[in-house]
Each structure stands twice: as structure tokens, then as C-alpha cells.
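Structure first, commentary second.
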Amino acid sequence: MILSVEGLYKSFKGKPVLNDINFQLGQNEILAIIGRSGVGKTTLLRCINNLVKCDRGTIIVDGMYLCKDDNGSTTYAKPAQMLQIRKKLGLVFQNFNLFPHMSVLGNIIEAPINVFGASKSEAENKAMELLEMLDLGDKANAYPFELSGGQRQRVAIARACALNPKIMCLDEPTSALDPELREGIALIIEKLARDGMGILIITHDMNFAKRVAHRIIFMDEGRIIKESSKEEFFNNIENERIKSFVMMD
């Protein structure tokens with residue numbers, strides 16, 4: 001397994017947001033975490049990417065402890081190890097978070113050069129490979145405001161891929177995309193998984209989860225209510241909370 005989450009807890013102002021979260025993600029696997037807005041999905045993703053500190057729990061990324069629970073006291077990796085862990089994680093935000101003052105190429109090469117010390121030529125060559133793969137080779141010098149929503153989504157994926165992560169995390173990757181663009185994103189995600197990445201998708205889009213996921217986790221009120229294969233999840237819905245969510249979507 002390239003990602004393991006054990007006994008994860010998080011609260012804000014005394015209100016539990018994540019309550020004893022446990023799951024694993026394997027290489028080449030696409031795992032969708034679904035549920036209504038506000039059930040803790042994005043907080044979970046932010047904890048995995050060390051953007052939010054958990055109150056308690058253990059997160060292991062490709063055999064390295066991001067944080068470790070030791071009898072109720074959580075210890076985080078030291079900066080040098082955290083940097084190595086960060087290289088293994090790619091994150092695509094819901095709103096893409098592209099730098100508006102940078103070109104597409106500039107957005108992709110910024111982190112490899114300024115955070116991880118790659119040479120400019122090395123970073124640019126890798127960026128152009130990714131843009132060609134995502135059918136954006138002619139957009140290298142364009143700026144985010146000149147792109148469609150689907151193109152900005154693909155640029156965000158290219159930026160996350162530029163560090164060759166072991167795990168790709170996507171927060172609501174289909175929000176505001178029409179069906180044709182959703183299918184394009186699905187094909188990209190499937191290719192990344194075939195090429196060896198583990199893919200973690202946070203979504204409330206049931207149709208997209210059904211389209212791409214190998215395995216599904218359903219969250220409600222900060223807890224994992226059900227975890228199963230995609231086939232078992234959709235063919236055997238007994239929990240009333242899950243049933244109402246699926247029917248609503």
C-alpha cells in the first residue's frame with residue numbers, strides 16, 4: 001500500500017470533523033471518497049497533504065510516516081522527511097489554484113525549480129511532455145484566464161504530475177465541468193493509475209465515482225460508513241443514508 005491512514009481524528013472549535021478514519025490506497029488504484037458537502041472529505045484530503053494537522057492519528061505515505069500516533073500523542077515528520085513525503089503527493093484543488101500572473105508553463109515549473117531544486121531546462125522539458133500528453137502543447141505560453149475550465153483543470157493536473165508523485169489527490173475534479181469534459185478528466189485519471197499512481201478522489205459526483213473508481217468510501221458526519229468495491233457499493237445499498245444520497249444524485 002502506498003497510503004495508509006489509521007485512527008485519524010480532527011476537530012475544529014471542539015466540533016468533530018473526522019472521527020476514527022481508517023483506510024488504505026494501493027498503487028494503480030483509484031479510490032473515491034464520496035458523501036454530502038460538509039462531512040469531512042476535504043479536511044481528510046488536507047490532512048493527508050499536511051495542509052491541516054490532525055488531532056490524532058497515523059498517516060503513512062509510501063512507507064514514510066507523515067505523522068504517527070504514539071499513545072494518543074501525534075508526532076509529525078521532521079522537515080527533511082516531510083519534504084520527501086511532499087514529493088510523493090500531488091494535489092489538485094477544486095478551484096485549481098493556478099497563479100494568474102504566470103503562464104501555463106510557469107505554473108508547472110514553479111515548484112520543481114523553486115521548491116525541489118530542478119534545473120529550468122529539466123523542469124521545462126518535463127512540463128512540455130505533460131502538456132503534450134494532456135493535449136495542451138499549444139497552451140504553454142497562455143495564461144489561466146485565456147483557458148476554458150477543462151483546460152485549467154488539465155493544467156492543474158499537469159502541475160501536480162510535474163513532481164512524479166506516487167499519489168494523486170483530486171478535490172472535486174468534475175465541479176463545474178460539462179459531461180464531455182468530465183469524460184476527458186476520467187480518461188486522464190485512468191491513464192495516471194495505469195502508469196503506476198494511486199489516485200484518491202474526493203467527490204460528491206456519484207456518476208463520476210461510478211465511472212472511474214475501483215473502490216468507494218462513503219463518509220457521513222466525519223465517519224466512514226461503508227467501504228467496498230465499486231460493484232458491491234452500487235449493487236448492494238442497504239444503508240438508508242447512502243441510499244438517500246445515491247437517489248438524490
Side-chain angles (χ1 to χ4, degrees), residues 1-62 65-70 72 74 89 91-94 166-175 189 193 197-249:
M1 293 295 168
I2 56 174
L3 174 66
S4 180
V5 176
E6 303 168 7
L8 201 67
Y9 291 83
K10 178 63 184 176
S11 62
F12 291 109
K13 296 182 178 179
K15 180 181 179 180
V17 178
L18 299 175
N19 196 335
D20 195 21
I21 300 296
N22 299 272
F23 71 92
Q24 294 182 323
L25 174 70
Q27 191 173 8
N28 303 100
E29 184 179 27
I30 303 173
L31 171 61
I33 300 181
I34 66 175
R36 293 177 175 82
S37 298
V39 300
K41 304 186 305 294
T42 296
T43 298
L44 172 58
L45 199 68
R46 292 174 70 83
C47 286
I48 291 168
N49 284 272
N50 197 37
L51 298 175
V52 169
K53 302 290 187 186
C54 67
D55 298 335
R56 189 166 80 252
T58 297
I59 301 172
I60 305 171
V61 177
D62 196 27
Y65 281 94
L66 186 153
C67 61
K68 186 175 183 180
D69 185 12
D70 186 10
T74 299
L89 292 162
L91 174 60
V92 179
F93 294 93
Q94 182 176 356
K166 295 290 188 73
I167 301 164
M168 180 68 74
C169 303
L170 300 108
D171 188 5
E172 300 290 357
T174 61
S175 61
I189 289 171
M197 285 187 196
I199 310 292
L200 180 61
I201 301 171
I202 302 297
T203 185
H204 64 265
D205 184 340
M206 295 293 284
N207 290 327
F208 189 72
K210 186 183 295 187
R211 166 69 178 81
V212 301
H214 301 141
R215 190 158 51 91
I216 290 179
I217 285 174
F218 182 85
M219 285 184 63
D220 190 39
E221 297 182 348
R223 295 179 179 273
I224 292 177
I225 303 301
K226 182 172 182 176
E227 177 180 357
S228 69
S229 69
K230 171 175 61 179
E231 292 75 19
E232 199 278 332
F233 183 89
F234 286 107
N235 294 332
N236 185 25
I237 302 175
E238 297 178 353
N239 183 286
E240 289 301 321
R241 297 283 286 179
I242 299 175
K243 188 179 296 185
S244 65
F245 179 78
V246 171
M247 292 178 65
M248 177 184 68
D249 192 75

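For this chain, numbers begin at 1 and follow the sequence in order. The figures here come from the full heavy-atom set of this structure, side chains too, leaving out hydrogens, waters and symmetry mates.
Between the CG atom of Leu170 and the CZ atom of Phe93 there is a distance of 11.5 Å, given to the nearest 0.5 Å. Of the inter-residue distances, the one linking Asp62 atom CG with Met1 atom CE reads 13.0 Å to the nearest 0.5 angstrom. Rounding to the nearest 0.5 angstrom, the gap separating the CG atom in Leu200 from the CG atom in Leu3 is 7.0 Å. Note: Ile21 CD1 to Lys10 NZ = 14.0 Å, rounded to the nearest 0.5 Å. Between atom CZ of residue Phe233 and atom CZ of residue Arg215 there is a gap of 13.0 Å, rounded to the nearest 0.5 Å. Interatomic distance, Asp55 CG to Thr74 OG1, rounded to the nearest 0.5 Å: 8.0 Å.
When side chains are defined from C-beta on, Asn22 does not count as touching Ile224, because their heavy atoms never get closer than 4.5 Å. Side-chain contact between Val61 and Lys166: absent, with no pair of heavy atoms (C-beta onward) separated by less than 4.5 Å. Side-chain contact between Cys54 and Leu18 is absent, with no heavy-atom pair separated by less than 4.5 Å.
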Determine whether Tyr9 and Asn19 satisfy the following criterion, side chain to side chain contact (heavy atoms under 4.5 Å, CB included), listing intermediate values before the conclusion. CA-CA 5 Å; Tyr9 291 83; Asn19 196 335; 3.1 Å; yes
Take Leu91 and Leu45 through the test side chain to side chain contact (heavy atoms under 4.5 Å, CB included) and record every step on the way to the result. CA-CA 9 Å; Leu91 174 60; Leu45 199 68; 3.7 Å; yes
Yes or no on side chain to side chain contact (heavy atoms under 4.5 Å, CB included) for Val212 and Ile199, after CA distance, side-chain angles and deciding distance? CA-CA 10 Å; Val212 301; Ile199 310 292; over 6 Å; no
Quick one: do Asp205 and Arg211 satisfy side chain to side chain contact (heavy atoms under 4.5 Å, CB included)? Show the steps, please. CA-CA 10 Å; Asp205 184 340; Arg211 166 69 178 81; over 6 Å; no
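Minimum heavy-atom separation, Ile60 to Glu6: CD1-OE2, 4.1 Å. When all heavy atoms of Ile34 and Lys41 are compared, the pair lying nearest together is C-CD, 3.6 Å. Residues Ser4 and Gln24 share a closest heavy-atom pair of OG-NE2, 3.6 Å. Scanning both residues, Ile217 and Glu227, for their nearest heavy atoms gives CG1-CG, 3.6 Å. Nearest heavy-atom pair across Arg36 and Val39 is O-CG2, 3.2 Å. Across all non-hydrogen atoms, the minimal contact from Pro173 to Phe208 is CG-CE2, 3.9 Å.
Judged by distance alone, with hydrogens and angles left aside, the side-chain atoms of Lys230 form a donor-acceptor pair with the main-chain N or O of Lys210 at under 3.5 Å.
For Phe234, the CZ atom sits in a packed shell: over 12 heavy atoms of surrounding residues, nucleotides or ligands are nearer than 6.0 Å.
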